[in-house]
Amino acid sequence: MSKISAPKGTRDILPPETAAWQHAEKVFADVCSRYGYQEIRIPTFEQTELFQRGVGDTTDVVQKEMYTFDDKGGRSMTLRPEGTAGVVRSYLENGMASLPSPVRLFYNITAFRYEKMQKGRYREFHQFGCEVFGSEGPIVDAELVSLLDLYFRELGLKETSLRINSIGCPVCRAEYNQKLKDYLAPHLDALCETCQSRYDRNPLRIIDCKETSCKPIVREAPALLDNLCPECQTHFDGFCKHLEELEINYTIDKGIVRGLDYYTRTVFEFVSEHVGTQGTICGGGRYDGLVEQVGGQPTPGIGFALGVERLLMELEQQQAAMPGPARPSIYIAALGDAGDQARKWTWKLRSLGIRAETDLMGRSLKAQMKYAGKQSFRFSTVIGDDEITAGKIRLKDMNEHSESEVSFEQAEALLADHQKQQG
RNA sequence: GUGGGAUUAGCUCAGUUGGUUAGAGUGCCAGAUUGUGGCUCUGGAGGUCGUGGGUUCGAUUCCCAUAUCCCACCCCA
């Protein structure tokens, strides 16, 4: 019989690493709530059609990376490849359009893409994200970026650069696409195979091509940012201005196009050097046409998704201080028949909020002490017949090697106090 | 989807120019005269040498296939 292993592209997240995850999640939820974002939880799978309409039929994600299956009722379902489409569906289905605007939501999800594995890329991966509905102005765009900026700062993440761009609206993009095609037409033969097929379907994506054959041609191509309609230009200028007001550094990168079809106007990425070639830690942008695309009234929206694996990898690279598992406070060694009393007191300590353990293995005193040392308990004590009759224990400080004789009540107060300081 | 590297104990890795019962370090369990940990010493458990074929008297070692992991391309978080 062959061994069963975790499916390709998935991985177990184990202690002590889980402590860093909890920290990242906690700080994210906390920063979001300060900005007025509330958490939404959505299904892990949706009707396949949602992603076809929402993410876009022409994208790589939908064309070849989705985990799609038929359920027993013959309905086509897909494990979510990202979060935005599901949030938009929920926004509409639950009538959130009638909530006071803007509607601010955040989420913490797993997502699934059937891709070849690489550093910082998994088939099941985690994203934190935010979505804002109902506000069209560039202030929201800047607010979202500032939320990320604050989050990164609170985690101690540095050396991450923000790149921004605008990819216009349907009006200016149509004009630009024509202009781009006019420019590319004479070079068409020199472009790579995929770009030749992109020429008719989605010429904008050619800008993003990394093929050596395409790069020199693309470099001279007209940029969408230089061909925005007046409205989009004003919006982009406003976005830049608000970032400057908030003293957030950014670089304009005319090459950012984003891989999902729903983006309009503002697009941005936070990029790092250390996460292999998967340098994008966080990507986002405005999607003013998406709500309508999924079947609602025209509603402006904007959001981002943050790759948690990549974020944690980057934090580790930068050796940012991340908390480890909480250190247990006290080990209660049980001696002989006093085991019952030891367990009883351990349970009481836990009800007082103290991280306490006692023997479960029926081990010798020496072995119990060894365990307490290895698990780095701060305090230990031995409970035997002597302690029970005297009503006093010797509380041992494992750091200082010192012991002090105290009553059970004094020990409880001391431990509670100690753990309050530890958090 | 294309290409390169890897796979031996829970973990990090030796090794056999093809030859009986496959090693180290670390970790785990136990003990060093039965009321006290981190050092030391002793012992123990733990591997069908990724899986399936082939060559051979004999394969963990050579060949082929396959799986998984790592890395790059593409794309993305």
Side-chain angles (χ1 to χ4, degrees), chain A residues 1-11 14 55 58-66 80-84 108-129 148 192-195 198 205 208-212 214 256-260 263 269-272 275-284 303-314 331-336 338 359 361-387 393-403:
Chain A
M1 200 157 60
S2 58
K3 283 176 193 161
I4 296 176
S5 56
K8 188 185 177 80
T10 67
R11 99 196 164 95
L14 308 170
V55 177
T58 65
T59 59
D60 276 12
V61 171
V62 170
Q63 280 185 343
K64 49 183 199 188
E65 293 172 2
M66 294 208 301
R80 60 186 172 211
E82 54 102 57
T84 303
N108 172 6
I109 61 169
T110 54
F112 306 84
R113 288 182 202 171
Y114 193 89
E115 289 189 283
K116 191 98 172 194
M117 282 205 50
Q118 218 178 120
K119 190 179 183 66
R121 191 168 65 192
Y122 302 92
R123 289 186 173 179
E124 180 187 32
F125 57 102
H126 296 73
Q127 291 186 327
F128 298 158
L148 284 162
C192 73
E193 216 170 291
T194 35
C195 282
R198 283 166 175 158
R205 292 221 58 83
D208 200 31
C209 188
K210 273 93 177 174
E211 286 289 325
T212 44
C214 301
I256 298 180
V257 168
R258 310 287 313 143
L260 310 180
Y263 287 112
E269 292 178 354
F270 282 88
V271 183
S272 110
V275 193
T277 36
Q278 318 303 320
T280 306
I281 290 179
C282 173
F304 67 79
L306 176 67
V308 184
E309 282 84 358
R310 292 178 187 181
L311 172 71
L312 291 172
M313 213 176 282
E314 180 65 17
Y331 184 84
I332 293 130
L335 207 58
D359 179 53
M361 310 281 285
R363 280 199 270 226
S364 70
L365 178 60
K366 194 168 198 165
Q368 293 188 58
M369 291 308 293
K370 227 176 206 174
Y371 175 83
K374 274 184 292 207
Q375 300 292 77
S376 62
F377 281 82
R378 179 60 200 276
F379 299 100
S380 70
T381 193
V382 178
I383 292 189
D385 293 337
D386 295 353
E387 283 74 16
I393 58 170
R394 296 214 303 264
L395 189 65
K396 178 170 185 174
D397 185 319
M398 301 286 276
N399 287 358
E400 312 294 329
H401 304 259
S402 61
E403 289 189 340

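Quantities reported herein were computed from a predicted structural model and do not represent experimental measurements. By convention in this document, chain letters (A, B, ...) are assigned in the order of the sequence lines, proteins followed by strands, and residues within each chain are numbered from 1.
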With sequence neighbours excluded, what pairs up with [X] under the side-chain contact (heavy atoms from CB on, under 4.5 Å) test?
X	value
A:V382	A:A333, A:L335, A:L365
A:E269	A:I256, A:R258, A:V271, A:T280
A:N108	A:E25, A:F128

Worksheet item: What about A:Q375: does its side chain form a donor-acceptor pair under 3.5 Å with the base of B:G37?
Response: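 By the distance-only test, no, there is no pair.
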
Write down the distance between [atom1] ([X]) and [atom2] ([N]), rounded to a whole number of angstrom.
X	N	atom1	atom2	answer
A:M117	B:A77	CE	C1'	14 Å
A:F112	B:A77	CZ	C1'	14 Å
A:M369	B:G37	CE	P	7 Å
A:R121	B:C69	CZ	C1'	15 Å
A:D359	B:G37	CG	C1'	14 Å
A:L335	B:U34	CG	C1'	9 Å
A:L365	B:G35	CG	P	7 Å
A:E269	B:C75	CD	P	12 Å

Distance check, [atom1] atoms only: [N] and [M], in whole angstrom units.
N	M	atom1	value
B:U51	B:U26	P	28 Å
B:U66	B:G3	P	12 Å
B:A59	B:U8	C1'	14 Å
B:U17	B:C63	P	15 Å
B:U40	B:A22	C1'	29 Å

Over all strands shown, is [X] touching base, sugar-phosphate only, or nothing at heavy-atom distances under 4.0 angstrom?
X	value
A:G9	sugar-phosphate
A:Y122	base
A:E403	base
A:E115	base

Worksheet entry | By side chain to side chain donor-acceptor pair (under 3.5 Å) - contacts of A:S376 (at least two apart) |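 So A:S376 forms no side chain to side chain donor-acceptor pair (under 3.5 Å) with any residue.
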
Worksheet entry | side chain to side chain donor-acceptor pair (under 3.5 Å) against A:Q63, all qualifying residues, sequence neighbours excluded |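 For A:Q63 there are no side chain to side chain donor-acceptor pair (under 3.5 Å) partners, ignoring immediate neighbours.
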
Practice prompt. Any pair with a residue in residues 366-385 of chain A that passes salt bridge (Lys or Arg N to Asp or Glu O under 4.0 Å), sequence neighbours left out, goes on the list, sorted by first then second residue, please.
Written response: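 Applying salt bridge (Lys or Arg N to Asp or Glu O under 4.0 Å) to every pair that reaches into residues 366-385 of chain A, excluding sequence neighbours, yields A:R378-A:D397.
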
Discussion item. Restricting to non-hydrogen atoms, name the atom on A:R394 and the atom on A:E403 that form the minimum distance, rounded to 0.1 Å.
Written reply: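 Minimum heavy-atom separation between A:R394 and A:E403: NE-OE1, 2.9 Å.
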
Is there a side-chain contact between [X] and the phosphate of [N], meaning an N or O under 4.0 Å from OP1 or OP2?
X	N	answer
A:K116	B:U2	no
A:K396	B:U36	no
A:Q118	B:C70	no

Worksheet item: Between A:I383 and A:Y114, which has a closest nucleotide on RNA chain B that is more 5'?
Response: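 Nearest nucleotide further toward 5': that of A:Y114.
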
Fill in: 5' priority, RNA chain B, between A:T10 and A:Y263 [closest heavy atom]
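Taking each residue's closest nucleotide, the earlier one in sequence belongs to A:T10.
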
I'd like a list of close polar pairs between nucleotides 29-33 of chain B and the protein, N/O only, cut-off under 3.5 Å.
from  : atom 1 : to     : atom 2 : distance (Å)
B:C29 : OP1    : A:R363 : NH1    : 3.4
B:C29 : OP2    : A:K374 : NZ     : 3.1

Practice prompt. Treating a pair as Watson-Crick (purine N1 to pyrimidine N3 plus N6-O4 or O6-N4) or G-U wobble (N1-O2 and O6-N3) with both distances under 3.5 Å, list the stems of 3 or more consecutive pairs that involve RNA chain B.
Written response: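 Only these stems qualify: B:1-7 with B:67-73, B:10-13 with B:23-26, B:28-32 with B:40-44, B:50-54 with B:62-66.
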
Worksheet entry | Value rounded to 0.5 Å, distance of CD in A:E314 from CZ in A:F270 |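 Those atoms lie 12.5 Å apart.
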
Item to complete: Apply salt bridge (charged side-chain N to carboxylate O under 4.0 Å, His left out) to A:R11 and list each qualifying residue two or more places apart in sequence or on a separate chain.
Response: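 Testing A:R11 for salt bridge (charged side-chain N to carboxylate O under 4.0 Å, His left out), a comparison that skips the adjacent residues, returns A:E17.
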
Discussion item. When you compare the side chains of A:Q368 and A:Y331, does any donor N or O come within less than 3.5 Å of an acceptor on the partner?
Written reply: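 Indeed, the side chains of A:Q368 and A:Y331 share at least one donor-acceptor pair under 3.5 Å.
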
Worksheet item: Got a donor-acceptor contact below 3.5 angstrom from the A:E387 side chain to the A:G384 backbone?
Response: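 Yes, the answer is positive, given that a donor and an acceptor are paired below the 3.5 Å cut-off.
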
